[in-house]
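Below you'll find the structure, written out as structure tokens, and then a few comments.
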Amino acid sequence: MKEMTDNPQKDSLFNRFTTHIELIFAIISGILIFTGWLLLKFDIQTAAVPIFILAFLIGGYFKAKEGIQDTIEEKELNVEMLMIIAAIGAAIIGYWMEGAILIFIFALSGALETYTMNRSQKEISALMDIQPEEALRIKDDREERVHISELAIGDHFLVKPGERIPTDGNIIRGESVIDEAAITGESIPLEKKQGDGVYAGTMNVNGSIVVEVTKLSTETLFQKIINLVQNAQSEKSPSQQFLERFEGPYVKIVLGVVAVMMVLPHFLLGWSWNETFYRAMILLVVASPCALVASIMPATLSAISNGARKGILFKGGVHLENLSHLQAIAFDKTGTLTKGKPEVTDVVVRENITQEEFLYIVGSIESYSNHPLAQAITAYAKKNTTKPLQRPDHLDDKAGWGVKGNLHEKEYLVGKADFVGTDAAKVFENGVAETFTNEGKTVVYVSDDAGIVGILALKDVIRKETVEAIKQLQALQVQTIMITGDSERTAAAIAKQAAIGKYVAECLPETKVETVKNLKEEYNIVGMVGDGINDAPALATANVGIAMGEGTDVALETADVVLMKNDLVKIAEAIKLSKRMNKIIKQNVIFSITVIMLLISSNFLQFIDLPFGVIGHEGSTILVILNGLRLLR
């Protein structure tokens, strides 16, 4: 693609000009009106009128173009057409300056709406700016620079220090520190080595790495974020949809009343024809629902933009609006309330062995198993022993029971109580295993020829922010419920630890949907938070589905809201943002309707003239837009 000019600075200035062109045209229109007013002050009316006509054309260009296009496409009159007719009507009866002021303020309010839209696009633009266009592909031991669209799954590419990663993949050679702040919001760069996954758009800080492509550039997490925000901006809330349906019939009613107003007062109230037409033009201006129409969309876009900046992605205004009405939220346990990975929480050993020696034995035996519990034990052993783990002399994996391993010519059993001896397991250290089980932990026993050597308690620990998130939701009067497939005992322990008062245990994946349906009958408006494939049907069934950013693709696609940083506290923030948005929209609607009613009444009572009608009506439009922009903060 050819560059616009050879001078990047000129391109930047041109882009700024085109971005703010509506505002520039409105300002030029305002300057022309001021010039025309000065000419009138010096009684040079013949020169003032052409200046006002120029103000009409420049200030009204964008709004007139928008109004005419929408009328032709939708075959429905709109607010823009009302303003055009009102301005022309004012000019017909000689109120050139008033008509020009109407156009100027209307253009200014339009420029503000465009500004809101541009601000709401800011997060997308910021992301797009950091997305690399090219990648250094390694093919047949040579490097070639290609466009990211040419990368296929399985390709290898090189990322040098200081470069951004072009697409999602796994490191196959090298190690480095990766700054993932743009994607996950995590401010501290992470150390990545061979086998670790990396995301498109993240920064390679210090080492060269070779990465194998796992996702096409169009399917990366980075691209999903962009698509989510773009889709959210195009989807309208129920309130916005209602107003758009209301706008067409309302405009027809106003035009009908204005037509009657141009005749009836002359005969009923004895007004002159000039006064009758003048009042009809004022009615056309003040009865236009500009402020009402602008009450919702700027506020919604600002709120969506605010959420995106904080890592809360809404897939549309409808979901943002619904959040404030939630009465209950159901949480999946594994991977949502908890980290989704078991961790060793307790180690108990018999008297004649040290804890470090015990961990060396069990870590060495479990290091060659792919079982999640074995991997957790091995990771814990590596962290808490000084001696490197050793390969067992012999290993026999008893599926569903445990592992039999030989180390230093001694046989050890690692696994369930039934595998090592139920009676010995029960009485070990005064039955401490029973205490761990009551706390919702999984117990792994280790025995040798002399009996139980020691036990390890493991648990899928809750996220550090879980308790705070639940407290904040309860403070917002939102009931919290945990849905889990775990046993009653484990579910009770996790629920107590997370401060959740209600839970549904032993819930199979296929029954999660029924559970959510039952909750909807009880609480009416229900949210669901999950991260897995088995959560997707429940996410779709809930009134608002909320997915964890690190969740499966299916969960991300099904959900209405995505928490990019996996921070459950953001749910309460999202609800507060929704409540704030709905409050501001309500303020805007009440204010705009009140202003319209006051201006219409004042016109019939002949209290206001056209300039005050214009300022009152268009001023209220600008105020509601500015009120909506407060949600950007």
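All values below come from the heavy atoms of this structure, side chains included, with hydrogens, waters and symmetry mates left out. Just so we're clear, the structure is a prediction, and the values are computed from it rather than from any experiment.
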Any salt bridge linking [X] with [Y]? Criterion: basic side-chain nitrogen under 4.0 Å from a carboxylate oxygen.
| X | Y | result |
| --- | --- | --- |
| Lys570 | Glu573 | yes |
| Glu522 | Lys502 | yes |
| Glu275 | Arg279 | yes |

Which pair of heavy atoms, one from Ile470 and one from Ala499, lies closest together, and at what distance? CG2-O, 3.5 Å
Nearest heavy-atom pair of Ile103 and Ala55: which atoms, and what distance? CG2-O, 4.2 Å
Going by the salt bridge (Lys or Arg N to Asp or Glu O under 4.0 Å) test, which pairs reach into residues 600-609, not counting sequence neighbours? none
Working note: Asn588 + Asn627, criterion side-chain hydrogen bond (donor to acceptor under 3.5 Å, both in side chains); need CA distance, chi angles, decisive distance, verdict. CA-CA 8 Å; Asn588 285 347; Asn627 195 35; 2.9 Å; yes
Between Leu599 and Phe612, does a side-chain contact (heavy atoms from CB on, under 4.5 Å) hold up when you go through it step by step? CA-CA 9 Å; Leu599 291 174; Phe612 282 108; over 6 Å; no
Which donor-acceptor pairs under 3.5 Å do the side chains of residues 257-267 make with protein atoms, sequence neighbours left out?
| unit_1 | atom_1 | unit_2 | atom_2 | d |
| --- | --- | --- | --- | --- |
| His266 | ND1 | Trp271 | O | 2.7 |
| His266 | NE2 | Trp273 | NE1 | 3.2 |

Within the supplied structure, the quantity of interest is the number of heavy atoms (other residues, nucleotides, ligands) at a distance under 6.0 Å from Phe277 CZ; does it exceed 12? yes
Quick one: ring-ring contact (aromatic ring centres under 6.0 Å, His included) partners of Phe62, sequence neighbours excluded?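 Scan of Phe62 (ring-ring contact (aromatic ring centres under 6.0 Å, His included), adjacent residues dropped) gives Phe25.
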Partners passing ring-ring contact (aromatic ring centres under 6.0 Å, His included) against Phe34 (at least two apart in sequence or in another chain): Trp37
Using the test side chain to side chain donor-acceptor pair (under 3.5 Å), find all partners of Glu465 that sit at least two apart in sequence or belong to another chain. none
When you look at Leu568 and Phe331, which way does the side-chain contact (heavy atoms from CB on, under 4.5 Å) test go after all the steps? CA-CA 10 Å; Leu568 293 174; Phe331 289 88; 4.2 Å; yes
Hey, is the main chain of Leu598 close enough, under 3.5 Å, to the side chain of Ser602 for a donor-acceptor pair? yes
Residue list, side-chain contact (heavy atoms from CB on, under 4.5 Å) with Ala303, at least two apart or on another chain: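 Ala303 satisfies side-chain contact (heavy atoms from CB on, under 4.5 Å) with Leu320, Leu577, Met581, Leu631 once adjacent residues are dropped.
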